[in-house]
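This is a predicted model, so every value here is computed, not measured.
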Amino acid sequence: MRSDNIKKGVARAPHRGLLMATGVSKNNMNVPFIGIASSFSDLVPGHINMRDLERQIEKGIHTGGGQAFIFGVPAVCDGISMGHDGMKYSLPSRDLIADCVETVAEAHQLDGLVLLSNCDKITPAMLIAATRLNIPTIIVTAGPMLDGESRCEKLTMINGLFEAVGRYRDGKIDEKRFDEMIEHSCPSAGSCQGLYTANTMACLTEVIGMSLPFCATSAAVSSQKRRIAFESGMKIVELVKNNVTPDKIIAKKSIQNAIIADLSLGGSTNSFLHLLALANAGNIDITIKDFEYYADKIKQIVKLDPSSRFTMTDFHNAGGIPAIIKTLFDGKAGLEDCDTVCGLKLSEISEFAYVNKELIHSCSQPVTQKAGLGVLYGNIAENGCVTKISGIDESCYEFEGAANPFDSEEDAMYALENDLVKAGDVIIIRYEGPKGGPGMREMLAPTSLLVGKGLGTSCALITDGRFSGATRGICIGHVCPEAADGGVIALINKGDRIKININERKVQLLVTDEELEHRRKNFKPMVKKNISKYLLRYAKNVQDASHGAVIL
């Protein structure tokens, strides 16, 4: 065992003494040492129940014959950090968390890990850490929160909170109703109810095979989640004894499976960043071209909030990820039969899956004839950009409008709040990319305000920043090259015509090459002031979004 490096032999007597100081018995010096990397936090709704899940995992490890050690890692709530400078720290936290897990596991020579995660950047960070370390690992995602309800209206974080801001500002609801929605939209612990980034990444983690069946969709406050946590603790000891390492699970085929499932679900556009970063961590040959390739073949078979009324609770009751796997296998969608941490192959997991076909459509009768996500190209995005097709009304698949550019999210929000944006505008939010932000902020506040103000089908939004998985409307993000790198998005002037064609996967600035070259001669990228040393280091070392915004 790896842990023998800290507990065997005369020279390691001081180490044993220190371990005994933590409460490890003499008998347990001979069993596998399992770390529980917990992202518990009182600040993050998706993580407040983790103390209980830690106990369940710990019980499972000890029942299975291991010794458990809990240690903590940071966690950021994207919803709370949204719309201000705090969001600049969300994406950088992904690499920070991966570094924390790697540091503790290597410093203490742990034999295996259970990674307790839930929200947006934590789950991909855990996957990256597992790939880097390549010691037996299971991921437990803490689960979605219950649906909100008020006056018999189903509420979620997006329609009950962020979009409600726009409705309230436009006088569509009064202050009393607004306050009721705030109070009742998020009624329990858990990741927010729709197929936003947290739940998308939980689903993809299960598809990849790094968490047990139904882990992604079982509610945070359910007894099923507690049982999954316990069983994950037992299973990790078995994986250590059999030396089942992440490289046996996380491979090109399993990441391609995740891409296929992602496109069929219409998940968060952030999954592009995270799957590319995961591939990079494992030196696996996955690029943005893989997303393009499958986006031309896969059709969306599920629509969940924010693109429909169905939530993660509904999805779980409809069969969850095993049902998706079964449906994709039955539809010959290209899924490969890979191994998983539970000891079964994907085909075996799907064999007895229940599928509610009201929510989960067959591949031959999909919800839409397109994938839920898409990669677009054009002179605005020579290296690509992404959009959540599932969140766009089909009447808007071809859209042309006048550019209304802003050099920060704050400037765009001011314009939206003061009715300086009108139907037919294409809002440009630039200098929000990985380098230019720095940190590549999400744009849930402006996209939600657009929808709340009734402009969701009459305005578009293009940014070199990111979108929340909760975003819907004509929204295009991850524009590469970004403004800070001199991308064309930095050269757009107010009133320029822009054409978006989702069917042809194109986004084009209708300005001649000669005019763009003229603008480029006079161009100087904007440099933001008063950036923290942490974010400056990030900006100097981060790659662009088309490469997963990974740190070199």
side-chain hydrogen bond (donor to acceptor under 3.5 Å, both in side chains) evaluation trace for Arg177 with Ser150
CA-CA 9 Å; Arg177 181 62 184 145; Ser150 174; 2.7 Å; yes
A quick test of your reading: do over 12 heavy atoms of other residues, nucleotides or ligands sit less than 6.0 Å from CZ of Arg55?
no
Please assess Thr311 against Asp314 for the test side-chain hydrogen bond (donor to acceptor under 3.5 Å, both in side chains), listing each intermediate value before the final yes or no.
CA-CA 5 Å; Thr311 62; Asp314 300 314; 3.3 Å; yes
Give the ring-plane orientation class for Phe214 versus His316, where under 30° counts as parallel, over 60° as perpendicular and anything between as tilted.
perpendicular
side-chain contact (heavy atoms from CB on, under 4.5 Å) partner of Ile462, the single match among Ile500, Ile427, Thr387
Ile500
Hey, does the side chain of Asn118 reach the backbone of Gly143 with a donor-acceptor pair shorter than 3.5 angstrom?
yes
Are Arg226 and Asp52 within salt-bridge range, i.e. N to O under 4.0 Å?
yes
Rounded to the nearest 0.5 Å, what separates atom OH in Tyr293 from atom CD1 in Ile298?
9.0 Å
Before you tell me yes or no, could you show the steps for Ile502 and Leu376 under side chain to side chain contact (heavy atoms under 4.5 Å, CB included), namely the whole-Å CA-CA distance, both residues' side-chain angles and the distance that decides it to 0.1 Å?
CA-CA 8 Å; Ile502 301 299; Leu376 282 63; 4.1 Å; yes
Using the rule given for side chain to side chain contact (heavy atoms under 4.5 Å, CB included), can you reason through Asp305 versus Leu195, listing the C-alpha separation, both sets of side-chain angles and the distance that settles it, and then say yes or no?
CA-CA 6 Å; Asp305 180 85; Leu195 195 61; over 6 Å; no
Thr463 side, atom OG1; Glu432 side, atom CD - distance, nearest 0.5 Å:
6.5 Å
Quick check: does any side chain N or O of Lys303 sit under 3.5 Å from a backbone N or O of Ser390, one acting as donor and the other as acceptor?
yes
So, does His478 use its side chain to make a donor-acceptor pair with the main chain of Gly384 at under 3.5 Å?
no
Around atom NZ of Lys252, are there more than 12 heavy atoms of other residues, nucleotides or ligands at under 6.0 Å?
yes
Note: Gly83 and Glu409 closest approach over all heavy atoms is CA-OE2, 3.7 Å
Over all atoms of both residues, closest heavy-atom pair of Ile173 and Tyr168
O-CD1, 3.5 Å
Separation between CD (Gln56) and CG (Leu116), nearest 0.5 Å, reads 11.5 Å
Suppose we screen for salt bridge (Lys or Arg N to Asp or Glu O under 4.0 Å). Which residues come up paired with Asp337, at least two apart in sequence or across chains?
none
May I ask you to decide if Lys154's main-chain N or O and Asp147's side chain share a donor-acceptor pair within less than 3.5 Å?
no
Ile158 side chain near Ser448 side chain, heavy-atom distance below 4.5 Å
yes
Is there a donor-acceptor contact under 3.5 Å from the side chain of Glu206 to the main chain of Ala216?
yes
Would you say that Pro434 contacts Met440 through its side chain, given a criterion of any heavy-atom pair below 4.5 Å between the two side chains?
yes
Partners passing salt bridge (Lys or Arg N to Asp or Glu O under 4.0 Å) against Lys289 (at least two apart in sequence or in another chain)
Glu292
For Lys172, does the NZ atom have more than 12 heavy-atom neighbours from other residues, nucleotides or ligands under 6.0 Å away?
yes
For residues 74-83, pull every pair meeting salt bridge (charged side-chain N to carboxylate O under 4.0 Å, His left out), keeping only residues two or more places apart or in separate chains.
Asp78-Lys121
Salt-bridge contact Glu54-Arg51 (side-chain N to carboxylate O under 4.0 Å):
yes
One should read off an interatomic distance between Cys215 SG and Ile321 CD1, to the nearest 0.5 angstrom, of 11.0 Å
Indicate yes or no: at least one non-hydrogen side-chain atom of Met145 is less than 4.5 angstrom from one of Pro187.
yes
Side chains of Met312 and Leu304: does their closest heavy-atom pair fall under 4.5 Å?
yes
For residues Ser254 and Cys338, report the shortest heavy-atom separation together with the two atoms involved.
N-SG, 4.0 Å
Salt bridge (charged side-chain N to carboxylate O under 4.0 Å, His left out) for Glu238 and Lys235? Distances and angles first, verdict last.
CA-CA 5 Å; Glu238 180 184 325; Lys235 179 61 70 172; 3.4 Å; yes
Spatial distance of atom OG1 (Thr313) from atom CD (Gln193) [nearest 0.5 Å]:
7.5 Å
Determine whether Leu265 and Phe315 satisfy the following criterion, side chain to side chain contact (heavy atoms under 4.5 Å, CB included), listing intermediate values before the conclusion.
CA-CA 11 Å; Leu265 288 165; Phe315 182 40; 3.9 Å; yes
Tightest non-hydrogen contact, residues Ser211 and Val341, listed as N-CG2, 3.8 Å
With rounding to the nearest 0.5 angstrom, report the OG to CD distance, Ser185 to Glu153.
8.5 Å
Verify side-chain hydrogen bond (donor to acceptor under 3.5 Å, both in side chains) between Lys248 and Thr245, making sure each step is shown before the conclusion.
CA-CA 6 Å; Lys248 297 178 174 67; Thr245 47; 3.1 Å; yes
Under the criterion side chain to side chain donor-acceptor pair (under 3.5 Å), which of Asp120, Asn199, Thr200 is the partner of Ser191?
Asn199
Between Phe291 and Leu276, is any pair of side-chain heavy atoms under 4.5 Å apart?
yes
Short question: side chain of Thr137, backbone of Ile135 - any donor-acceptor pair under 3.5 Å?
yes
What are the two closest heavy atoms between Val76 and Ser81, and how far apart are they?
CG1-OG, 3.8 Å
Looking at side-chain heavy atoms only, is the closest gap between Ile286 and Gln256 below 4.5 Å?
yes
State whether the number of non-hydrogen atoms from other residues, nucleotides or ligands found under 6.0 Å of Lys506 atom NZ is greater than 12.
no
Would you say the side-chain atoms of Arg169 pair up with the backbone N or O of Leu449, donor to acceptor, closer than 3.5 Å?
no
Are the side chains of Leu344 and Glu351 in contact, using a 4.5 Å heavy-atom criterion?
no
Option passing side chain to side chain donor-acceptor pair (under 3.5 Å) with Ser218 (candidates Arg227, Gln224, Lys225)
Lys225
Go through it in stages, so that I can follow the logic: the residues are Asp262 and Ser271, the test is side-chain hydrogen bond (donor to acceptor under 3.5 Å, both in side chains), and I'd like the CA-CA distance, side-chain angles, deciding distance and then a yes or no.
CA-CA 8 Å; Asp262 196 15; Ser271 59; 2.3 Å; yes
Note: Ala318 and Leu359 closest approach over all heavy atoms is CB-CB, 4.1 Å
Flag, side chain of His47 to backbone of Ser39, donor-acceptor distance under 3.5 Å:
yes
Backbone N or O of Val244 within a donor-acceptor pair of the Asn242 side chain at under 3.5 Å?
no
Do Pro322 and Phe352 have side-chain heavy atoms sitting under 4.5 Å apart?
no
Are the side chain of Asp290 and the backbone of Thr287 linked by a donor-acceptor contact shorter than 3.5 Å?
yes
